[in-house]
2 protein chains.
Amino acid sequence: MPKVKPQRIAETRPAKAPQPPVPATRRGELRRAALIDAARDIFLEQGFARASIDEVVQRVGGSKASVYQYFGSKEGLFGEMIAHQCQQLIDSAEFPGRGGAPGSDVEQVLLQFARRVVQLFLAPARIAMHRAMIAEAERFPELAERFYEAGPKRGLALLSAYLRSQHEAGTLDCPKPEWSAIQFMNLVRTYPMFRALHGMQPMPDGEDLDEFLQHAVRLFLDGCRIKR
Amino acid sequence: MPKVKPQRIAETRPAKAPQPPVPATRRGELRRAALIDAARDIFLEQGFARASIDEVVQRVGGSKASVYQYFGSKEGLFGEMIAHQCQQLIDSAEFPGRGGAPGSDVEQVLLQFARRVVQLFLAPARIAMHRAMIAEAERFPELAERFYEAGPKRGLALLSAYLRSQHEAGTLDCPKPEWSAIQFMNLVRTYPMFRALHGMQPMPDGEDLDEFLQHAVRLFLDGCRIKR
DNA sequence: GTGTTAATGTACTGAACGTTACAGTTCATT
DNA sequence: AATGAACTGTAACGTTCAGTACATTAACAC
């Protein structure tokens, strides 16, 4: 006896899963988490379009039914995976301390910050995620925004707060800290990230990279008319 | 820090079509060109994986047989399309004049350059191409490199030549023109391009954007210790 | 015109994939 | 232990799509 078909899908996209995406049992939670983990690997390795749900399921040994129970669709799975990654990003990415000790050298603080930023942005997982987000930005605009806010925006906020404090303390001449933060990030991050996104070999390694960062910091500080 | 790629990675990929990709008749040439045009639209709209050859063929009214005669495979078509775009890029993208008139204001020259760069890099077709290249960088490393050389590298070369000439003329203190060129480009290009690649709305429009560019140029010149 | 080669249109194949149905299994609670 | 709900495995459906076979048509040389 065939059950009543819920086939009356409206022309407009349902968008949000009508299924309850929250598992009610422990095993369910584990399966859900495992699926997200596997999805991350597959999606970030192959991109959304090329990735197949079968491969995700094979990797965790579960079954496709679970995917559709928890996530409703391939896009739903992708979205949850990205959201999960964003949360991890927020939890894991601590930047150098707030304003820095008052006595510490601004150039050193910024250099440390630059190193940390590059280290974060060049992590292979981060690059893969960046790639996936750029590739699918038009299909998932809300995810792109989420990613931006979980990642780059937090770094910018921290940095501009620091710059503002230094400006008010008279250590830097930095009347537009938000813009200056953007410019600092651009100086520091773009070149290696650009190469990484385009898969260009070789990546700038430790020594060269650090020299590049020092150069960038110095340029930035000259522009802010540091008083040493 | 532009490090030269030291050696070519062993190529397991067959890559080159065994078919003769050159049409011998006039109609063939036209068909081939039309296919590349349509392929550009479809691929840049949908990305490599989601694009379908049938759609490309439908758009020009031809048939799949031609695609496989001229390009051998979907990847072949994609590659030829990208190469064609790169050539167009080279042909079309003239930057502000070589060294600039000796008497002209450096700040104005750089600002003009910045405007031109942003205009070029933010063109929707360019953004779409960038997206496609980033998404498929791992599958088509040689194309990514070609794209880089047809696009960004040329701008960098022009700019660093200009910076070097100004350094030698004593107008700028710019002992490492290649690095400085990279940094200038990073300052000028990154922020709007980043937003565009991530599909974020709204894009910075005329007035704000120009103010941003002026800010960037000024920061750069302060760093180069311009003598006015 | 006639013959030869290149190019095209049609129709198909085989495989991959997203999605669903359903029956069997495990879990949580009483 | 019992029971109903949550969960999972199997297998299929319908579709899409890259790639191919082949017959037809256009282009060109003579």
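Chain letters run A, B, ... following the sequence lines, proteins first, then strands; residues in each count from 1. Here the structure is a predicted model, which is why all the values come from computation and not from measurement.
- A centroid separation of 6.0 Å or more is found between the aromatic rings of A:F113 and A:Y162.
- Side-chain proximity of A:Y68 to the nucleotides C:dT19, C:dT8, D:dG19 is greatest for C:dT19.
- If you take CD of A:Q69 and C1' of D:dT8, they are 9 Å apart, rounded to a whole angstrom.
- Backbone-only contact: A:G61 has heavy atoms under 4.0 Å from sugar-phosphate atoms and none from a base.
- Both the sub-6.0 Å distance and the 45° axial angle are not jointly satisfied by B:R139 relative to the ring of B:F78.
- A rotation axis mapping the C1' atoms of four pairs onto the next four is fitted at both ends of the helix from C:dG1-D:dC30 to C:dT30-D:dA1 over five pairs, and the angle between these axes is 20° to 10 degrees.
- For B:I53, taking side-chain heavy atoms from C-beta onward, the closest of the listed nucleotides D:dA18, D:dC7, C:dG9 is D:dA18.
- For D:dC7, the OP1/OP2 oxygens have no side-chain nitrogen or oxygen of A:R31 closer than 4.0 Å.
- The structure places CG of A:L35 at 5.5 Å from CZ of A:F71, a figure rounded to the nearest 0.5 Å.
- Summarising the geometry, the separation between CZ on A:R32 and P on D:dT8 is reported as 12 Å, rounded to the nearest angstrom.
- Close to D:dT8, at under 4.0 Å from its OP1 or OP2, lies a side-chain N or O of A:S66.
- As a whole-Å value, the separation of A:L30 CG from D:dT8 P is 10 Å.
- In this structure, A:E75 atom CD and C:dC17 atom C1' are separated by 14 Å, rounded to whole Å.
- Ion pair B:R50/B:E55 not flagged as a salt bridge, since none of the NZ, NE, NH1 or NH2 atoms sits closer than 4.0 Å to an Asp/Glu carboxylate oxygen.
- In terms of phosphate contacts, B:Y70 brings no side-chain nitrogen or oxygen within less than 4.0 Å of OP1 or OP2 of C:dA6.
- As rounded to whole Å, 12 Å separates atom C1' of D:dG19 from atom NZ of B:K74.
- For the atom pair CG (B:N186) and CZ (A:F194), the distance works out to 9.0 Å, reported to the nearest 0.5 Å.
- A donor-acceptor contact under 3.5 Å links the side chain of B:K64 to the base of D:dG19.
- The main-chain N or O of B:F48 is found under 3.5 Å from a side-chain atom of B:K74 such that the two form a donor-acceptor pair.
- Near DNA chain D, meaning a heavy atom under 4.0 Å away, the residues from residues 40-52 of chain B are B:A51, B:S52.
- With sequence neighbours left out, the salt bridge (charged side-chain N to carboxylate O under 4.0 Å, His left out) criterion links B:D37 to B:R40.
- Counting only heavy atoms from C-beta on, A:A65 has its side chain closest to D:dG9 among C:dT8, D:dG9, D:dG19.
- Across the protein-nucleic acid pair, A:Q58 atom CD and D:dG9 atom P stand 12 Å apart, rounded to whole Å.
- Rounded to whole angstrom, the span from the CG atom of A:D54 across to the C1' atom of C:dA15 amounts to 13 Å.
- For the pair A:F71 CZ and D:dC7 P, the interatomic distance rounds to 12 Å; values are reported in whole Å.
- Atom NE2 of B:H215 has more than 12 heavy atoms from other residues, nucleotides or ligands within 6.0 Å.
- The nucleotide whose nearest atom lies closest to any side-chain atom of B:S73 is, among C:dT10, D:dT10, D:dG19, D:dG19.
- A donor-acceptor contact closer than 3.5 angstrom links the side chains of A:D210 and A:Q214.
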Inset, instruction - Let me see the working for A:D54 and A:Q58 under side-chain hydrogen bond (donor to acceptor under 3.5 Å, both in side chains), right down to the final yes or no. - result: CA-CA 6 Å; A:D54 282 312; A:Q58 268 187 359; over 6 Å; no

